[in-house]
Structure formats: structure tokens, C-alpha cells
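The sequence lines fix the lettering, A, B, ..., with proteins before strands; numbering per chain opens at 1. Everything quoted here is computed from the prediction, not taken from an experiment. Values reported hereafter were calculated over all heavy atoms of this structure, with side chains retained and with hydrogens, waters and symmetry mates removed.
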Amino acid sequence: MEYNFREIEKKWQQRWVADETYKVSERADREKFYVLNMFPYPSGAGLHVGHPLGYIASDIYARYKRLKGFNVLNPMGYDAYGLPAEQYAIQTGQHPAITTEANINRYREQLDKIGFSFDWSREVRTCEPGYYHWTQWAFQKMFGSFYCNKCHSAQPIEQLVEHFEKEGSDGIDVAQSEELNFTAAEWNAMSDVNKQQVLMNYRIAYLGETMVNWCPQLGTVLANDEVVDGVSERGGFPVVQKLMKQWCLRVSAYAQRLLDGLDTIQWTDSLKETQRNWIGRSEGAEIEFKVKDSDKSFTIFTTRADTMFGVTFMVLAPESELVKELTTAEQKAAVDEYLSYVKKRTERDRISDRKVTGVFSGSYAINPFTGEANPIWISEYVLAGYGTGAIMAVPAHDSRDYAFAKHFNLPIVPLVEGCDVSEESFDAKEGIVCNSPRAGVQPYIDFSLNGLTIKEAIAATKKYVREHNLGRVKVNYRLRDAIFSRQRYWGEPFPVYYKDGMPQMIPSECLPLELPEVDKFLPTETGEPPLGNAKIWAWDTKTNSVVDCSAIDNVTVFPLELNTMPGFAGSSAYYLRYMDPHNPGALVSQEADSYWQNVDLYVGGSEHATGHLIYSRFWNKFLFDLGVSCKEEPFQKLVNQGMIQGRSNFVYRIKDTNTFVSLGLKDKYDTTPLHVDVNIVSGDVLDVEAFRKWRPEYATADFILEDGKYVCGWAVEKMSKSMFNVVNPDMIVEKFGADTLRLYEMFLGPVEQAKPWDTNGIDGSHRFLKKFWNLFWGKDALAVTDGEPSPAELKSLHKLIKKVSEDIENFSYNTSIPAFMIATNELTSLKCTKRAILEPMVVLIAPFAPHISEELWEALGHSTSICDAQWPEFNEKYLVEDTVKMMVAFNGKTRFSIEFPAGTDNATIEAAVRAHEMTPKYVEGKQIVKVIIVPGRMVNMVLK
RNA sequence: GCCCAGAUGGUGGAAUGGUAGACACGAGGGACUUAAAAUCCCUUGGCCAGAUAGGCUGUACGGGUUCGAGUCCCGUUCUGGGCACCA
């Protein structure tokens with residue numbers, strides 16, 4: 001019987017849909033297991049063979065867990081909001097919803113051909129009102145919450161209001177944009193608008209006037225993770241810093257919990273490290289410096305409190321509010337000139353040329369440890385957004401301060417015994433402190449660090465600072481609050497209207513607030529976001545409904561927010577929605593959440609390390625505080641699948657001709673390499689006729705062949721249309737079948753590793769499936785027989801059970817495929833037809849090749865899906881080795897090995913080793929000292 | 001600059017400290033065939049070799065630990081990834 005994969009795969013894909021094979025529900029009698037893929041953005045280009053890699057890997061795991069008896073949730077959906085659909089809409093006028101829908105349908109068609117065990121009844125799309133209802137809801141909850149540093153959790157804002165009414169800002173320990181101080185009386189006297197402004201300082205979702213990454217070409221602001229090397233991640237356009245009023249999420253409040261949580265989850269070390277870097281915790285001290293001849297003072301942040309005696313100048317960030325206060329009249333012109341210079345520079349300029357720039361403010365600060373007056377400078381190397389936007393400069397022990405001091409000829413005072421700072425600064429945190437205070441200098445305070453190690457000096461200084469009220473110990477994080485507004489159309493609208501310039505939430509029972517229609521998807525002529533083009537986009541507070549903008553009277557009808565939410569909004573809690581996707585009354589019911597808990601295995605790309613994977617963890621922690629999610633961490637184990645790269649082919653055109661020369665001969669000519677479509681190349685040999693038809697300009701191309709063939713060059717590059725190296729999974733499925741594709745993708749190499757796609761190798765996987773099929777079939781009937789299997793057959797099977805079970809648990813699928821091949825070859829040469837062997841074989845291969853296994857399972861007489869079969873049990877006793885190998889070492893060297901039948905007793909072994917030693921070859925007049933048995937642990941046997 | 005990961009044949013890649021190169025591709029040879037496809041068999045790290053027996057060498061480079069190192073330790077080079085005027 002032929003292995004007709006086309007018929008088999010079509011048949012089972014239809015059967016799975018008809019039988020709802022993969023539909024799951026909460027079942028108290030079974031342990032749950034939640035497998036999740038990062039849901040895709042449905043781009044217009046469709047899927048290439050790289051996309052399904054992670055889906056296949058997780059599908060294998062999901063199917064395996066189900067065979068092991070778990071109730072497996074394996075859902076799929078779409079991250080449907082995104083820039084490409086909007087750009088396309090701007091160019092063509094086609095509504096993004098239409099483009100997105102078409103792309104989703106294409107994705108679904110492609111996915112369905114690969115045979116995944118997704119429960120499609122749980123599909124979510126972030127652009128559907130039923131879904132983004134809960135994105136808006138979460139935003140409103142964040143707006144209505146503040147972060148309490150004492151109880152380490154989000155709390156209702158009303159609690160804070162109550163506190164203000166009784167005690168003002170006294171005694172609060174909360175996350176805040178800036179420190180405000182007011183009494184209860186002052187609070188109670190504030191106007192309503194004023195109170196709202198104050199509360200904005202504490203809300204987890206707040207409207208903040210902050211420096212944002214503004215991308216003029218995209219016409220929108222971007223979050224930090226969307227900016228790479230000073231340009232936008234999408235499109236590569238320049239980004240500038242701009243002060244703008246934007247919605248922000250107080251992610252920074254969760255910095256410590258985001259850091260601590262990493263120790264409780266099974267992610268790769270490199271990904272955890274990336275997140276730790278991004279969060280960037282640093283412990284230090286804030287120390288107050290008084291301004292000379294003034295009652296002003298300011299605070300700096302330092303991690304090197306031990307270097308107080310080496311401060312020779314101070315530096316302010318150009319954007320710091322202190323600049324205006326501390327600039328003296330004489331220096332005003334110079335400072336203004338410098339500020340305008342800095343303003344012109346983009347983020348990119350700053351990164352690409354790091355020249356030392358700065359200007360003296362005219363003021364001096366008094367060092368509280370030495371009493372010296374240090375000049376206060378202004379320089380762009382100090383960042384406004386970190387610490388206090390002001391630093392104390394210790395040029396001897398900080399390379400940036402050093403460069404600045406050298407450039408502007410400022411003094412450098414070394415503080416570590418024996419360090420040489422004539423050429424460069426000494427940044428290391430090791431050594432013995434000296435010059436603190438300097439010898440011969442009258443001490444300003446009764447305090448010395450001399451003789452201590454740097455670590456001791458840091459601790460001692462912090463202690464002194466705290467005890468003498470000179471400042472406080474402080475932990476700073478690099479993690480910033482997330483900018484949550486985007487000036488785009490195709491995103492979730494904010495459920496917000498404006499009254500007296502202050503944002504108001506529309507009542508939660510009115511959610512979702514649906515995205516309005518617009519004529520144009522571009523910003524308005526007055527520079528407002530695209531939603532400014534919407535005619536019906538005002539909120540009527542009497543009817544609680546969206547009405548025409550012409551009705552705005554700012555009494556009962558108010559303008560609605562024109563920004564939309566960013567891409568990460570919809571992807572931050574989608575895993576919770578899959579648990580209960582159709583619930584109209586809640587993001588997820590308590591019952592569903594307490595059953596499915598969190599994602600046990602999450603598979604996706606590592607490029608989301610500082611974006612989605614941070615935001616999602618933050619979002620989930622917030623929902624955890626609210627009691628909506630029962631687990632603090634959303635993704636227990638995470639596997640990053642490596643990218644599949646393209647393997648591009650090249651032809652070599654002789655310059656100024658239409659003649660192409662084969663790879664081996666190209667060095668004899670002056671040639672230009674050109675990408676050629678990999679689909680008309682087979683085994684690096686070009687189909688020259690197809691090439692002539694490929695492009696009109698090549699219709700008359702001539703070729704210089706070698707051995708009658710045109711051999712192409714190749715290179716590994718990103719898989720993309722412009723390189724003509726995109727391989728489409730549909731094509732592979734059509735030619736070899738989905739099972740072959742699945743097997744081959746797993747066989748290519750470790751899931752986590754990036755690797756190039758090479759269609760040539762797929763024959764091996766296809767041949768294997770045919771051999772596997774032939775194990776079961778005679779010429780035209782099933783060849784499976786009953787009867788007792790032989791020890792050799794049992795050994796083959798159990799070796800495989802052991803290997804495959806371990807491999808799936810460890811995600812090393814690439815080594816289980818060879819194990820299947822070996823077992824199949826062994827059983828073929830044993831002419832094994834025994835049901836007791838073959839039936840478990842079918843179950844073992846089911847996660848990898850679901851279609852062929854269903855077909856064989858049915859042929860073996862089963863009426864239910866193989867998904868409900870049981871994973872075969874491994875039994876060690878069938879794996880007994882026939883022989884034991886001994887490595888014999890004497891005189892300090894491994895000399896030879898001998899094999900013995902398993903179970904040979906020591907006396908026999910000893911005799912054999914002695915006899916062996918007596919053979920002329922090994923007699924060297926020395927004593928045997930050790931015998932090491934292989935395999936197994938080393939067993940040393942001393943022979944005398 | 002700092003942090004993390006890695007380097008094995010023509011290629012993708014296997015190897016609890018125990019015969020390095022499983023398995024697959026590619027290549028070469030052979031069988032079947034009028035021929036092709038399909039299928040099957042053999043060879044395939046390098047060097048030496050009476051091409052037999054076998055020997056030498058070999059996992060980026062240099063050392064070390066060990067009876068024994070691709071694997072563990074130290075140093076170097078290179079590649080990939082992350083962070084980066086973060087005080």
C-alpha cells in the first residue's frame with residue numbers, strides 16, 4: 001500500500017474539525033496543562049517556513065502532554081492591530097479591518113494545512129470589540145489605582161484620597177511621578193480639577209508630560225523598546241526627544257517585583273539577564289549638595305558614595321529644571337547657546353558621535369564632606385530621566401567624568417591606593433581607599449574612609465549620610481514608565497473623554513468603546529491624531545453614548561480621546577482571555593482562571609524580551625493585585641525558538657553582458673552576483689529554462705556551464721522577499737505533506753537555535769515516513785500480526801520510548817527524529833510485524849506526525865482518535881546490554897579495552913585482564929592499577 | 001566598555017568526563033531499468049599505508065586537571081545576542 005499523504009492529511013484534517021477533536025473544557029478530573037504560542041501579527045506576506053517552527057514545537061509538546069493524560073489548552077489567535085495594515089490603508093484607502101481580516105484568513109488557511117491541535121473555538125483577535133473591551137477595562141482599572149510601596153501592590157485610588165483628606169501627603173509611601181507635599185487642609189481646599197491633577201501623580205495609568213521618543217516620519221511616539229539605536233524599530237526612521245502629554249503606565253512601580261519574579265520562572269538565563277539589564281537595578285545613595293552663596297540645594301544620585309572626597313565638579317542634565325535656577329547672569333548667554341545646540345541633536349546623533357560637550361553654569365555646590373565649592377557644569381552626558389538628573393563628578397574613578405575633566409581641564413583626585421590616573425580613570429570597585437580626607441588638609445567633618453576597602457567605604461558613607469541627614473539610601477531602576485499613547489488609527493481607542501482639560505473615564509458598563517470610522521487614516525491638518533478625522537466621536541454624558549462631534553458643548557457632551565493604545569496593549573493579557581474567551585461579563589471568570597492558572601509552556605521569539613514579555617508580566621502582576629489572575633507570573637516556562645534563516649542563491653553575471661557564469665568558473669571573469677529565486681534552483685543547480693522565463697530581461701540570457709550544469713552560489717540571509725529566498729510552507733506541504741514538513745523542521749536543529757532552511761534535506765524526512773508506513777503494510781493489506789515480540793524487537797521499542805520521552809521533555813526534538821529512523825530501520829531488518837511493537841510506535845510518533853499516526857491507528861482497528869491513546873510505558877528491563885566494555889588502565893595510561901558478556905563476575909574479568917596483560921603487546925613489566933568499566937560509573941579495581 | 005551564549009567534516013548537526021563525527025543532506029561507486037524516476041546496497045574528517053593489517057592526527061588557539069577532555073579549570077582569538085554616556 002502506497003503512503004498517500006495527500007489523501008491521509010486531507011481526511012484527518014476534516015475529521016478533526018467535524019469531531020471537534022481539539023476542543024477542551026475545564027475538567028476537574030484531569031490535571032491541566034497550558035501550552036501557548038506568541039500569537040502572530042497577520043502580515044500581508046503570509047507565512048513562510050520559518051513561522052511554524054515554534055508552533056510545531058509547541059504542538060508536539062501539547063500532543064505529548066495530552067497522551068500523558070493531561071487536559072491540554074493549546075489556543076491560537078491574532079495580534080491584529082499593527083502598523084502595516086494602517087500604512088496600507090493610508091496608501092490605498094482600504095480599511096485596515098478589511099486588510100487584517102483577509103490576512104487572517106490566509107494565515108488560517110496556511111496553519112490548517114500543517115495539522116495543529118489548536119482549539120480554534122477559543123480564537124481571539126485583539127481588534128474585536130469583545131476582546132478589546134477587556135484591554136480598555138484593564139486600562140480603566142490602572143487609572144483607578146495607585147501603587148503602595150508598603151504592601152507592594154496596587155490599591156484603589158479612593159484609599160489614597162481618603163488618606164489625603166485626613167493627613168494630606170504625610171506618611172504615604174507610594175509610587176509617584178514627583179514628590180508632592182501638602183496638608184489635609186490644603187487638599188480639602190483644592191478645586192476638583194486641582195485634585196485630579198494631584199491624583200495624576202499617583203495613578204498607575206496616568207497622563208504625564210514627559211520626554212517621549214517622537215518619530216516624525218511615523219507621526220507617533222514610541223516606547224523605549226520600539227527605538228533601536230536611535231531609530232524606530234519599524235521603518236528605521238530617526239527619533240527625537242520631545243516633551244509631550246501622553247498616557248503612561250507606571251511600570252516602574254513594579255520594577256522590584258519584575259526583578260524578583262525572574263527567580264521563580266523557568267526562562268533561559270540569557271533572557272532573564274536581558275530583562276535584568278532592562279530593569280537595571282542599582283543601589284546607591286542620594287546626597288544633598290547646597291549651592292554656594294544661596295539657600296538653594298539639589299540632590300544627586302551615586303552608586304559610589306565612597307568617592308565623596310574625590311568630587312571635583314558637578315554636572316546637570318541639560319533638560320534638568322535646575323539649569324534655569326542655577327545659571328548665573330554672566331553665564332546665561334553661553335548656557336542658552338549650549339541648550340539650543342543640545343536640542344538640535346537627535347538620539348541618533350548622541351549615540352553616533354560621543355564628543356565631550358558642556359558649559360559652566362556659573363554656580364558652585366558645597367561638598368558636604370570636604371566643604372569645597374565645586375563648579376556646577378551642564379552636559380548632555382548626564383541624562384535627565386535617570387536618578388535626579390544631576391551627578392557629582394569623580395573623574396579619577398569614572399571614565400565619563402574623566403573624559404569631561406580632561407577636556408575642560410578640571411582637577412582629578414585619585415582615591416585608591418596605588419592607582420594610576422594619568423592616562424585613564426580607575427573604574428574598578430576594588431582597592432584600599434586613600435585621600436579621604438587628604439593628608440595635611442584640615443578635615444571638614446569628623447569622618448575618614450582611609451584604609452577601608454571600597455565596599456566597606458560605600459557602606460560606611462551610606463551609614464554616615466543617613467545618620468547625619470545628608471541624604472538617603474536609594475535604589476534606582478533604569479526601567480521607565482511605558483508611554484501608552486500612539487497617534488494612530490488602527491489600535492484600541494481609549495475609553496476616555498475630556499472635561500475641563502482633565503480626562504474622565506466613560507462608565508465601565510458602557511465598554512467597549514468602539515473604534516470610530518474615519519475618512520482618512522492620516523493625522524488631521526491641525527496635527528491631531530487620525531481619530532481627529534472621526535465625525536462621530538464625542539461622549540454624551542446624559543445618554544452615555546457616542547455622538548456627533550458637532551454636539552460638543554463641554555457641558556454634557558465632551559470630546560473623546562484621540563490617541564489609541566500601542567501594540568503591546570492587546571498582547572498583554574491575551575493568555576487570560578483564552579481561558580474564557582466568550583465571557584461577556586469578565587476578562588476571565590474566577591473558575592476558569594483558577595483551573596488554567598497560568599501558561600505552563602510559552603513559545604516565541606526572544607525579540608520580545610524587553611517589550612511584550614515585560615509588559616505582559618507587569619500587566620499580569622497588576623491583575624494579580626486586583627485578584628483577577630491567581631498567579632503572579634504569567635509564563636512559567638518559556639522557550640525561544642530560533643529564527644529560520646533563508647538560504648539565498650546567486651547567479652553571476654559577467655559585467656555589461658547578459659551572460660551568466662557558473663560558480664566554479666566565475667573567478668575567470670569580472671562578475672556581479674545577483675539573487676535568484678530559490679524556487680527555480682534545485683540542489684544549487686539552476687533551472688536555466690525557468691530562469692529565462694523568470695524575468696523578461698533574462699529571456700535571452702546565455703550561460704557558461706560547468707559539467708553541463710549551472711551551479712549557483714549561496715549564502716545564509718534573513719528570509720525575505722527581496723532576497724528571493726522565501727520558501728512557502730504550502731508548497732512543501734503540497735509536495736511532501738504536512739507530516740514531512742513537521743518532522744523536517746524539527747530535524748533541522750535545536751528549536752532554540754537559529755538555522756538556515758535548506759529544502760534539499762527534506763527528502764530524508766519524507767523517505768523515513770515512507771519506511772515507517774511500510775512497517776505496517778504489505779502489498780495491499782495491513783501486515784500487522786499478533787504474537788510475542790522478541791527481545792531484540794522489545795529493545796528497539798523501549799530504547800525509542802526512553803529517548804523520545806526524554807527528548808520531548810527537554811525540547812530536543814532534533815535528536816528524536818534520528819531515534820525514530822534507527823528504530824524503524826532495526827524493526828525493518830528484523831522483519832517485525834508484531835502489534836505489540838508497532839502499536840506503541842504509532843503512539844510515539846503521533847505528536848510529530850499526527851496525520852499518518854491517525855491513519856495507522858485507525859487501520860489497527862481503533863475507532864477513537866489517537867489523541868486519546870496512552871503514551872507507552874518505558875521498561876528498563878528490555879534495555880539490558882549484551883556486553884560490558886572495560887577500559888584497562890595501568891602505569892598511568894589507558895592501555896586497551898576488553899568486552900565481556902553482561903553479568904560476568906569479577907574473578908573472570910580479573911583473569912581475563914591478567915591474561916591480556918601477558919600478551920607480548922601489553923607486557924611492559926608494570927602493574928595494572930585500575931580497571932574502568934564502561935558504560936556505567938567508573939569502577940576502580942586494583943589488581944595485584 | 002559591561003553582561004550572556006557559542007566555535008565539532010563539504011552542509012545541518014549527534015555525543016552523563018569513557019571508541020568523536022549518531023542521523024540526515026550532499027558527493028562518489030554499484031544493483032535494478034531500454035532509459036529516467038523511484039527503490040536498495042557500499043564508501044565518505046584529514047594524512048600515511050603492501051591501500052591488506054594497521055598507524056598517525058583531529059572538536060577555534062595556548063596551557064592545566066584526569067588513567068582518560070569536544071565536555072571540567074585558566075588564558076587568548078573570533079562569532080552571535082543583550083545593555084550602554086544609567087553615575
Check this one for me: any side-chain N or O of [X] less than 4.0 Å away from OP1 or OP2 of [N]?
X        : N     : answer
A:Thr274 : B:G81 : no
A:Asn814 : B:A14 : yes
A:Tyr381 : B:A87 : no

Could you check whether [X] gets within reach of a base, just the sugar-phosphate, or nothing at all, counting any heavy atom under 4.0 Å?
X        : result
A:Arg281 : nothing
A:Thr268 : nothing
A:Asn760 : sugar-phosphate
A:Arg767 : sugar-phosphate
A:Leu748 : sugar-phosphate
A:Lys771 : sugar-phosphate

Gap between atoms [atom1] and [atom2], on [X] and [N] respectively (whole Å):
X        : N     : atom1 : atom2 : result
A:Asn224 : B:C83 : CG    : P     : 11 Å
A:Trp777 : B:U39 : CH2   : P     : 20 Å
A:Glu380 : B:C85 : CD    : C1'   : 9 Å

Write down the partner of [N] under the Watson-Crick or G-U wobble criteria, each distance required to be under 3.5 Å.
N     : result
B:G54 : B:C48
B:C61 : B:G75
B:U11 : B:A24
B:U39 : B:A31
B:G17 : none
B:C2  : B:G82

Let's see if you can work this out: which of [options] has an atom nearest to the side-chain heavy atoms of [X]?
X        : options             : result
A:Lys755 : B:C4, B:A87, B:G13  : B:G13
A:Arg478 : B:G13, B:C83, B:A15 : B:C83
A:Lys770 : B:C23, B:C25, B:A38 : B:A38
A:Val382 : B:A87, B:G82, B:A14 : B:A87
A:Pro818 : B:C23, B:C83, B:C4  : B:C23
A:Thr303 : B:C83, B:G13, B:A87 : B:A87
A:Pro750 : B:A87, B:G13, B:G26 : B:G13
A:Phe747 : B:A87, B:C4, B:G12  : B:G12
A:Met821 : B:A87, B:C3, B:C23  : B:C23

Practice problem: Check for a donor-acceptor pair, side chain of A:Thr307 on one end and backbone N or O of A:Gly310 on the other, with a separation under 3.5 Å. | Solution: no
Quiz item: Do A:Gln275 side-chain atoms and A:Lys272 backbone N/O form a donor-acceptor pair below 3.5 Å?
Solution: no
Answer yes when [X] and [Y] have at least one side-chain N-carboxylate O distance shorter than 4.0 Å, and no when they do not.
X        : Y        : answer
A:Glu717 : A:Arg647 : no
A:Asp225 : A:Arg480 : no
A:Lys802 : A:Asp807 : no

Quiz item: Stepwise, does the side chain to side chain donor-acceptor pair (under 3.5 Å) test hold for A:Tyr477 with A:Gln256?
Solution: CA-CA 9 Å; A:Tyr477 300 90; A:Gln256 189 60 49; 2.3 Å; yes
Exercise. Select from A:Thr815 and A:Asn825 the residue whose nearest nucleotide in RNA chain B is closer to the 5' end of that strand.
Key: A:Thr815
Quiz item: Who are the side chain to side chain donor-acceptor pair (under 3.5 Å) partners of A:Ser399, not counting sequence neighbours?
Solution: A:Asp427
